[in-house]
**Student:** 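Okay, handing you the structure first.
Side-chain atoms are counted along with the backbone in the values below, which use heavy atoms only and exclude waters and symmetry mates. Quick caveat: nothing in here was measured; it's all calculated off a predicted structure.
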Amino acid sequence: MASSSEPPSFATALANVRRLTSSTLPHQSKPAQLLVAIESTISSTLGKSELPHSSTAYFASLQQVLEKAVNDEVPAGTGDDEELMAESENMGSGALLPAILYLLAIVIPETPNQVVVSKSTNILENILPLFDTSLEHPPALRSLVQITTSLLLVAPPALLNSSPLLKKGWNYLLELNLDPRPKVRHLAQEGIRKILVTPIPPRLTPGSHPYLPRAREWTVSILQEEVKSSGSFTTKKARFADGEDQEGKRAIWVIQGLRGWVPVWGDEQLSSLCGLLLSLPSLPHLTPQIYSLLAHLLSPPPADAAGPVPSVLTNLPTILDSLLTSPPGLSETPTYLSAITSALIKMSIQDPLSLSTYLPKAFNLIFHNILLSSNTPPSVCTAAADAVGSQGILRYCINDEAILATLTYTRQGSHLPGARKKSKTPFLYRLITSLTESMNTHALKLPYLFSILTALISRLRLRVLPTTKEGGGVAKIDENGRGHTAAQELIMDLIKEVGDLRHQKGFDDKDGVDRVIGMAIEVIGVKVVLDKLPLNIESDSSGAPSYPGRAYLLPLIRERTTNDELSFFTHYFRPLSERLFEKKVSAEDAGREGEAKVWETLVSQIWNCWSGFCEMPRDLKEGLDTPFLSLLTSLLYTQPTLLPSLLRGLSQLISSTQRLLNSTTPSEELKKQFGLDQSTAQQNMEFLKTLAKDMVSVLLNVFSKLPRESRGMVGEVIGSWVGIMTEKDIIETYNTVTTHLSTNLHTTQPPSAGASPISHTMLDLLIIFVPHLPPAQSQALFNAASQGTMLEHKDATVQKKAYRLLKRLLEAGKLDKTRNIEEFVKKLSEAGGGVGPGAQRDRLQLLSALVEFLPKDSLHIIPELLSEAVLGTKEVNERARDAGFDLLVIMGKKMASGGKVKLQIEDDEESMGRPDTVQANAEEYITMVAAGLTGTTPHMISASINALSRLLFEFKDDISETTLSELISTLSVFLQSKNREIVKSALGFAKVSIVALPLEVLRPHLGSLVPSLLGWVHDHKNHFKSKTVHIFERLIRRFGFDEVYNCSTELPEERKVLVGIRKRKERAKKRKNGREEGDEEGEKPRQSSGNAFDDILYNSDSDLSDDDNDDNEDEGRPAQKGRKGQQQQQQQNKRGNKGSERDDRYIRNEGDEPMDLLSRGIAGGITSSDPSSQKARRKPGQDASHFQTDKLGKMVIREDASSDEDNAGPSTSRAMEGNGFMSKNEVDGYTRDSRGNMKFTRNTKKAREQDRELDMMIDQEGDKKLENTKKLEERRKKRKAMGLGEEFKAKRAGGDIKRTGGPDPYSYVSLGQAGSRKQKGGQKLNLTNKKKGSRH
């Protein structure tokens, strides 16, 4: 089981140790017993029993115990060796010192630093001598490492420099980095990393630790020793296990530990470290570690302007030369490539001018020698392609100057054959040339070449100015970002060739081609790509279909288009969609439904591309011209299938423009990359605002005509466009909607079939408008929606939407808190009696928003709303019930945040002297809710108990123990109630209390809780029995069986249930242990509902069945006997095994053919009964299957059936094999794929040749079979077969006789006996039950 990412808390760690007190393993029980003893001593000293105590108390006690144990001498007297061993020398399992060290390793990290530092010298004096005696005991050694690490972490710099004990502990940690035991070594390596990487106050950044020079010195010395001893290593010896155990192990361990703290090694010493790493011997497991560490060392820091300046490696050229001249074997090549890539990237940052010297060498090595090599495995090819492409040279080592130099080289014609070169051939041009040539000569490497080409296109997105006569062919960057990309000029022809590969017959890597073209669409643009690779959807001028068709480009355009020209869609795709739509209509009129569907799909795919053109368009104003907007309006009204695509585009126009407008990137960089900046975005937003009013009007009409379930996306787009409208337009639109609402408020009839009533539609629109309304309109809408005409409307849907509208207005934060909130609460109270079905959840959610809206001086409203919140926990609807629980918690948090609550005090004698205000806190709130327990109806009492359960779980840490004790005492009374509704809630409260509350609070009430719960263990109604059993399981898990059992002395019959729970728990544990022995994966994690309270209340976490017996027979009740008792037992077993039904499934195999587990028909053969247990049962016709039948279907019973089977077996099996082979391989045969579908063999030359060879084989087999049949018939003529009963035929008489003492001349023999095969070493009986050769 993987360890969690966060260590357990201090209390949890101690609890995990404490629960092992009774463990049978001494190394577990000894620390637990020591912890219990220490806690008992601390409790008696401090006078408090609450656990855990402070970490300082544990630390002081453990220090005293440690000092006493270390200073103990060898006891006098005689005895065993262990008894004569001093405590300071006994580090074995179950000894005292390892237990002390184990607890100290837990306590010291939680103890205040000042306390630890003050006692660090004493602790070190006691533990440092233990390192030598612990070398043979890894558990104790691990604890020592953890303690030493913790002491070094908290030591101040002055103490680190002056204390020889700390330095000695540091040396121990360094030496343990070479310990052969992985756990010890990893702990020491992690300790070194923490100490060196953790900043020492007042420093805020790691580095410059006082012990860093010593760590560097020790690491270098170990590596130098490995370099010196490399002469004794031989490569051949390392291949064997014995040699490999020793060779290079120390270097590997040092490098593994060095990875954790090499960032603080120091820039000045990095060069020598890299040289030392490259000098290490080449060993199978050491070399990958070296390359991996080099890649880690040379990796550039994250691009951060505030980050430190990258370090400079003076010997970086030497490192690169060494790497390039000594390539390793194929197994180490991936890490080797990562090291070269990191070195090149480091060179591009440190010395860009020298990079040009190494790039050709590295590219030639990686591309030509590794990637294009015929014996390179796929994993290495992938690593090589990444090193050239997306993770290496092309992405990080090709700068803008290199791209401009390549463009200038091609523009000046220097690349043409015979041309005079004005400059040296750029490296990028040679890379492109090599890539192009390799695609023509290395077809098997195309997938990896496509990956490099994709990275190349992505890098060449630099936009440049076009060629001019005045410029002399020199390429320059277009600072405005409006020019064409370098990829268009350099590799567009190569992209076209790749695109044409997709149409070649037998070409398989279509996904790679799609990635290349998709990147070209993203970088170069849709227009340029379609010029080279046209769609060819329509027929040409002659009417013939265009070839090749490239409709597959439409999904690529939809996915990859961004920051493109919107006008291109307007002028190219819009006319194309109109022409295709006309073809669709013509096909429908002609009755060609299939063709019409094709054209309709193409039209839909074209408009799916529109949203990509709307993402940061370069020409938004030109693209959204009047004709196109008119077409959009028409499509929104008339084409519901295109509505999602159109809405995505309209939403993308707003969101992408707002993102660009709010961007903090410098405008120069934005303009260079996207051709847009914040000023352009501001102009586009102003243009969109001019369209907003008309667009919103169109969308409102579309919204009103759609059914309720289809309005979600339209509402979101309306909200986006309303958000950019001017305030004047918003108010005008708001007045229009409210006018329609007031006119049609009491009209429940929809305007058309399938539409919603106008009142519902207008309320939905107002909910959408809420975030964008001015404060005045928000307040007016709030006042109107809180009227009784809305809250008490006869239409429950109007009520629901009114509550939802009020909630949104409160959450928007535009209302005045100084307004009379009490008046609004009064209106809500008056409308509470007429809440319609389905509106209760929205009402409770409104109350939640209202409570969060309340100011500190209005907390007196919470008691007025409390009864409704409590009753909300008993709602039938689950969502309404959840809203009630949420309202209770929100009220509690509001009260816990502080303030004062004004109480309504009546003018009577009993109220005299009471304060009129109380302090708001969680305990006062619990007291208010508990008042509901005095209710007059069981429903109110049950609801109050439910509310207290939820609040107890949420605020258990904020309630005093006195209040908790009173609540549990009250619970015990309600558990004895005769009302089942109250008891049901009380059982839930009991379960939450037992799970959530500490043991000290629950233990005093066990004597009353256990008898009250035992009263329901035999009540099956409402699942009371199963709930009670689950509660007792929790109790036993927390308090132990004995303590719970001793509290049940008053109910001797019911207490047997506890014994049954314990026994079944033990059996379940045994079964679980048995399953874990065969399954190393362990237990599956329990599923969670996402709500911790629901998990406690409704999830049982039980290992037992709900309907299991209570093992009463184990306590003296006799089990039922006879057939009836067996039937009941079988039914109980079936019910008990119901939970594990999925684990006891079998697949029935009723034939001799091989089972096809991939066939869909396999589901029909699944059974829950074990076939092996049914082998002994006889089935009708089971024995008859052993005999042959004649043509009429009669059984032919031969005396020696086994011989017949043996004779017929080989030829029959060969014939069947021949038929199966024929059906699969002959010209008219077939095969089956993985899904069981038949695939017929093609009539090819190869198939016909195989068919002829098969016929010859079958003829030869037939001739052999004929010869064998003739020989068999001749033998049968020579030896007359004995018929049934012929051994009784008289020699001279005419009929059968019966011998004295012999069998009858006839005998009834079972078919199973007659058909049984002859066993080895035995003799088979014939049908007369006589042995062959016997005279009697």
**Student:** What pairs meet the ring pair (Phe, Tyr, Trp, His ring centres under 6.0 Å) rule with one or both residues in residues 525-561, with sequence neighbours excluded?
**Tutor:** H503-Y552
**Student:** Quick test of your reading: applying side chain to side chain donor-acceptor pair (under 3.5 Å), list the pairs with at least one residue in residues 684-698, sequence neighbours left out, ordered by first then second residue.
**Tutor:** Q682-E686, K693-E732
**Student:** Please list, chain by chain and in numerical order, all residues satisfying salt bridge (charged side-chain N to carboxylate O under 4.0 Å, His left out) with D729, sequence neighbours excluded.
**Tutor:** none
**Student:** Please, which pairs that meet side chain to side chain donor-acceptor pair (under 3.5 Å) have at least one residue in residues 620-642, sequence neighbours excluded?
**Tutor:** Y637-N701
**Student:** List the residues meeting side-chain contact (heavy atoms from CB on, under 4.5 Å) with Q678, not counting sequence neighbours, and say none if there are none.
**Tutor:** S663, S667, L670
**Student:** Holding to side-chain contact (heavy atoms from CB on, under 4.5 Å), I want the full list of residues that pass it with M790, two or more places apart in sequence or in another chain.
**Tutor:** L745, L763, A802
**Student:** The criterion is side-chain contact (heavy atoms from CB on, under 4.5 Å); which residues satisfy it with K672, sequence neighbours excluded?
**Tutor:** D400, L462, I477
**Student:** Contact between T733 and I730 at the side-chain level, heavy atoms closer than 4.5 Å - yes or no?
**Tutor:** no
**Student:** CD of E727: more than 12 outside heavy atoms within 6.0 angstrom?
**Tutor:** no
**Student:** Does NZ in K827 sit with more than 12 non-hydrogen atoms of other residues, nucleotides or ligands closer than 6.0 Å?
**Tutor:** yes
**Student:** Taking only residues two or more places apart in sequence, or in another chain, which ones meet F568 in a ring-ring contact (aromatic ring centres under 6.0 Å, His included)?
**Tutor:** Y572, F573
**Student:** Which pairs pass ring pair (Phe, Tyr, Trp, His ring centres under 6.0 Å) with one or both residues in residues 752-772, sequence neighbours excluded?
**Tutor:** none
**Student:** Side chain to side chain donor-acceptor pair (under 3.5 Å) for S567 and D619? Distances and angles first, verdict last.
**Tutor:** CA-CA 7 Å; S567 59; D619 53 351; 2.4 Å; yes
**Student:** Do the side chains of T570 and P627 get nearer than 4.5 Å, heavy atoms only?
**Tutor:** no
**Student:** Under the rule for salt bridge (charged side-chain N to carboxylate O under 4.0 Å, His left out), what residues qualify as partners of R648, not counting sequence neighbours?
**Tutor:** none
**Student:** Scan side-chain atoms only and decide if R711 and T761 contain a donor-acceptor pair under the 3.5 Å cut-off.
**Tutor:** yes
**Student:** Kindly write out the residues that satisfy side-chain contact (heavy atoms from CB on, under 4.5 Å) with K826, not counting sequence neighbours, or none if the list is empty.
**Tutor:** E830
**Student:** Taking the side chain as every heavy atom from C-beta outward, state whether E489 and L460 have any atom pair closer than 4.5 Å.
**Tutor:** no
**Student:** According to salt bridge (Lys or Arg N to Asp or Glu O under 4.0 Å), does anything in residues 587-597 pair up with another residue at least two apart or in another chain? List the pairs.
**Tutor:** K584-E588, R592-E595
